[in-house]
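Worksheet: one structure, shown below.
So you know, we letter chains A, B, ... as the sequences are listed, proteins then strands, and number each from 1. The structure displayed is predicted, hence computed values, not measured ones.
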Amino acid sequence: MDPVLTKHIGEPNAQTLDFSLQHGAYAGLRKALGMAPDEIIDWVKKSGLRGRGGAGFPTGMKWGFVPKDSPKAKYLCVNADESEPGTFKDHVLMERNPHLFFEGCVIACRAIRAKVCYIYIRGEFYHLQRVLETELARAYEAGFVGANILGSGEHVDIYIHRGAGAYEAGEETALIESLEGKRAQPRLKPPFPAVVGLYGCPTVVNNVETLCNVPLIFDRGWEWYAGIGPDKNTGPKLYCVSGHVNRPGVYEADMSVTLRQLIYDYAGGIPGGRQLKAVIPGGSSTNVLPADKIDVAASFDGLVQAGSMLGSAGIIVMDETTSMVWVAKNLLHFYEHESCGKCTPCREGTDWLYKILSKVERGEGELRDLGLLFSVADNIGGKTLCPFGDAVVPPVASTLQHFREDYETHVRVGRPPLPPWRAQEELIGAH
Amino acid sequence: MSFHPQMPYGEGWHRSQRRVPPDGPPFAFTPENLARLEDICSHYPPEQRKSAIIAALYLVQEQQGYITGNAMQHVAGVIGCAPAQVEDVVSYYVMFFTRPVGTYVVQVCRTLSCALRGAERVTEALCRHLHVSPGETTPDGMFTVVEFECLGACDRAPVIMVNNEHWHECQDPDKVTELVDALRSDGVAALSGCHLVKER
């Protein structure tokens, strides 16, 4: 398919209002302003749009959960806390196509009857915040955001809220806590944010890419949108390919594309003619797939059938020289550092897993440590308030399942020597 | 007792623990920063000024370089909340410094995608060149080297951020030592920024 979301990202000044208007920006908003909120939700439901943040929950259904008759204010919070290792798609959209993003925010606000939208952007995206602020001011001036939008009487204010370095803020209730000026720690659900969210009011939390898809549904019609990609996995999708590939980057495709195509056709294959060893298909919190499992559709349902998840579509490619024990140790350092500490199994368990993996990786482990890894991981998954606990399990369990020989090598022989190109500080020069 | 029979109870510091820094010198916002903070507070409902705590702490850091006990007391006063609520936030988020740091805090991404492309080598080269370990500041107060978790620029790995704001992409051990010297002479203008910001 031809790119839709990223069609113009490489062109000069693609982020500006003038450029965006020349390429059809805010046409979807004009149509949506002529529709009742329920009709907007109905269109999004019929389009089949599923949330791009990780869980793949139907967006229209999520919006429909907001109580219409509640006297309280309603809020839209945008999850721009893109922190899942291997993911960098929202970054590109906000930077190069911000008006599509704002357009989606305003349509979503109309659908859920919200007057205020907060964009929660991760603290590390300071340069992006400045781009968004500049373009948001232009959108206000031109009457696409603010009071009486395009003469319709609709009023939506958009504010940008910068976080300060916490992976956990990407979980929707933790994001709301952080927006309220607290630690980013999750809340017990239910009640769900749609009923009790920001400041105790009905709130929808959507991912940036999800909202960027919304204007397309109104600009071109839900029938067009539903016709892209396989059944129940509709619409254009952004894939982030990184690691051992020749052309790392963000690629747009419909969800019939396979992992093999993404790695070898889009991202140009593996440098130095080396062989593929493993792929993480949807950010570090999804199961690793071995090289013989990449002929599957990179869709929500296709990757579940293959034993993993689409998640945030952060595809991390690892070549034959990579030790999967080292990979698991690297990721558990991340989870140990980022665990918010609210639930004991996750706070303590991530620390233990990292310690055991460090020991095994150094070549000082014993075979019974491998069983201990399973046991500790099993005591975290499903036993925490938020999905972070479940996210810790895949890097350990799936590497153990598919690459047990790597672990046994570390235990029996010791740490394998680094491949020459990595030890001698010669990076794979694909930059 | 730990809930897993084969593992000892956790040790070391965790971000969920509260750690209150020393009071430090007296602190008050400059009139300009106070006005900026009030502008940010206006983004939230009047009874929800606490939402601006993170923004207020960034302003403290901009004004004083790092966050002290006195600064947190002042922020609590301006926001209208308990000092403990500010302490909670400071100790939890990793982008707040609670002790003096170098003029340039060099934050090297260490998570998988960067690591697969040699981030460990970059950190080693940086530390060797500056004669420090990760977390330390050079004696002249110019550089602090910090390892950082995923910055979300995995296609331009390994990535470095300086002072929480400025990005520098596609590093290797040779380039990073040159970068240090360029920072000394040219300041943050030496940094590549995010390549998307510049036209492609």
N/O donor to acceptor pairs below 3.5 angstrom from side-chain atoms of residues 71-89 of chain B, sequence neighbours left out:
unit_1: B/His74; atom_1: NE2; unit_2: B/Phe29; atom_2: N; d: 3.0
unit_1: B/Gln85; atom_1: OE1; unit_2: B/Ala82; atom_2: N; d: 3.2
unit_1: B/Asp88; atom_1: OD1; unit_2: B/Arg18; atom_2: NE; d: 3.2
unit_1: B/Asp88; atom_1: OD1; unit_2: B/Arg18; atom_2: NH2; d: 2.9

Response to the item:
With chain B, the option among A/Gly165, A/Ala169, A/Gly86, A/Gly123 that has the most non-hydrogen atom pairs under 4.5 Å is A/Gly165

Discussion item. At a 4.5 Å cut-off on heavy atoms, which part of B/Leu151 comes close to chain A: side chain, backbone, both, or neither?
Written reply: both

Item to complete: Go through the atoms of A/Ala73 and report whether side chain, backbone, both or neither lie under 4.5 Å from a heavy atom of chain B.
Response: neither

Fill in: Pick from A/Gly314, A/Gly249, A/Ser375, A/Ala184 with the largest number of heavy-atom pairs that fall under 4.5 Å of chain B
A/Ala184

Worksheet item: Cut-off 3.5 Å, side chains only: do B/His14 and A/Glu336 have a donor facing an acceptor?
Response: no

Worksheet item: Do you know the tightest heavy-atom contact between B/Ser51 and A/Tyr199?
Response: OG-OH, 2.6 Å

Worksheet item: So B/Glu120 and A/Trp326, side chain to side chain contact (heavy atoms under 4.5 Å, CB included) or not? Walk me through it.
Response: CA-CA 12 Å; B/Glu120 291 169 326; A/Trp326 174 84; 3.2 Å; yes

Item to complete: Counting only heavy atoms closer than 4.5 Å, note whether B/Gln17 contacts chain A via side chain, backbone, both or neither.
Response: backbone

Discussion item. Using modelled atom types and a 3.5 Å cut-off, is there a donor and acceptor pairing between side-chain atoms of B/Tyr93 and backbone atoms of A/Gly163?
Written reply: no

Worksheet item: Does the side chain of A/Val327 come within less than 4.5 Å of B/Leu112's, by heavy atoms?
Response: yes

Response to the item:
Note: vs chain B, highest number of non-hydrogen pairs under 4.5 angstrom among A/Ala267, A/Ala166, A/Ser83 is A/Ala166

Discussion item. Counting only non-hydrogen atoms closer than 4.5 Å, does A/Leu179 touch chain B with its backbone (N, CA, C, O), its side chain (CB onward), both, or neither?
Written reply: both

Worksheet item: With a 4.5 angstrom heavy-atom cut-off, which part of A/Cys340 approaches chain B: side chain, backbone, both or neither?
Response: both

Worksheet entry | Ring centre gap for B/His166 and A/Tyr126 strictly below 6.0 Å | no

Discussion item. Between A/Arg130 and chain B, with a heavy-atom cut-off of 4.5 Å, which part of the residue counts as in contact: side chain, backbone, both or neither?
Written reply: neither

Practice prompt. Against chain B, work out which of A/Arg122, A/Lys89, A/Glu84 has the most heavy-atom pairs shorter than 4.5 Å and name it.
Written response: A/Arg122

Discussion item. Walk me through whether B/Asp155 and A/Val241 qualify under side chain to side chain contact (heavy atoms under 4.5 Å, CB included).
Written reply: CA-CA 7 Å; B/Asp155 52 340; A/Val241 191; over 6 Å; no

Worksheet item: chain B heavy atoms under 4.5 Å from A/Val376: which part of the residue, side chain, backbone, both or neither?
Response: both

Worksheet, complete the sentence: So CD of A/Glu338 and OG1 of B/Thr111: to nearest 0.5 Å the spacing works out to 8.0 Å

Worksheet item: Between the side chain of B/Trp167 and the main-chain N/O of A/Glu124, is any donor-acceptor distance below 3.5 Å?
Response: yes

Practice prompt. Verify, without hydrogens or angle tests, whether B/Ser113 (side chain) and A/Ser242 (backbone) share a donor-acceptor contact under 3.5 angstrom.
Written response: no

Discussion item. Given heavy-atom pairs under 4.5 angstrom as the criterion, report whether the side chain, backbone, both or neither of B/Tyr44 touches chain A.
Written reply: both

Practice prompt. Given side chain to side chain contact (heavy atoms under 4.5 Å, CB included), test A/Tyr167 with B/Cys150 step by step and report yes or no.
Written response: CA-CA 9 Å; A/Tyr167 170 70; B/Cys150 190; over 6 Å; no

Worksheet item: Out of A/Lys342, A/His337, A/Glu82, which one racks up the most heavy-atom pairs below 4.5 Å with chain B?
Response: A/His337

Item to complete: Considering non-hydrogen atoms only, spot the tightest contact between A/Ile316 and B/Leu116 and give its length.
Response: CG2-CD1, 3.5 Å

Item to complete: Under 4.5 Å, counting heavy-atom pairs only, tell me which of A/Lys182, A/Gln129, A/His333 racks up the most with chain B.
Response: A/His333

Discussion item. Only pairs of heavy atoms separated by less than 4.5 Å count here; which of B/Glu47, B/Lys50, B/Glu149 has the most with chain A?
Written reply: B/Glu149

Worksheet entry | Side chain A/Arg183, main chain B/Ser16, donor-acceptor under 3.5 Å | yes

Worksheet item: What residues form a ring-ring contact (aromatic ring centres under 6.0 Å, His included) with A/Tyr159, not counting sequence neighbours?
Response: A/Tyr118, B/His43

Worksheet entry | Shortest non-hydrogen contact between A/Gly181 and B/Ile53, atoms and distance | O-CD1, 3.7 Å

Response to the item:
Under 4.5 Å to a heavy atom of chain A? For B/Arg110 that would be both

Worksheet item: Tell me, side chain or backbone of A/Tyr75 under 4.5 Å from chain B's heavy atoms, or both, or neither?
Response: side chain

Worksheet entry | Exercise: do A/His244 and B/Arg117 side chains pair donor with acceptor under 3.5 Å | no

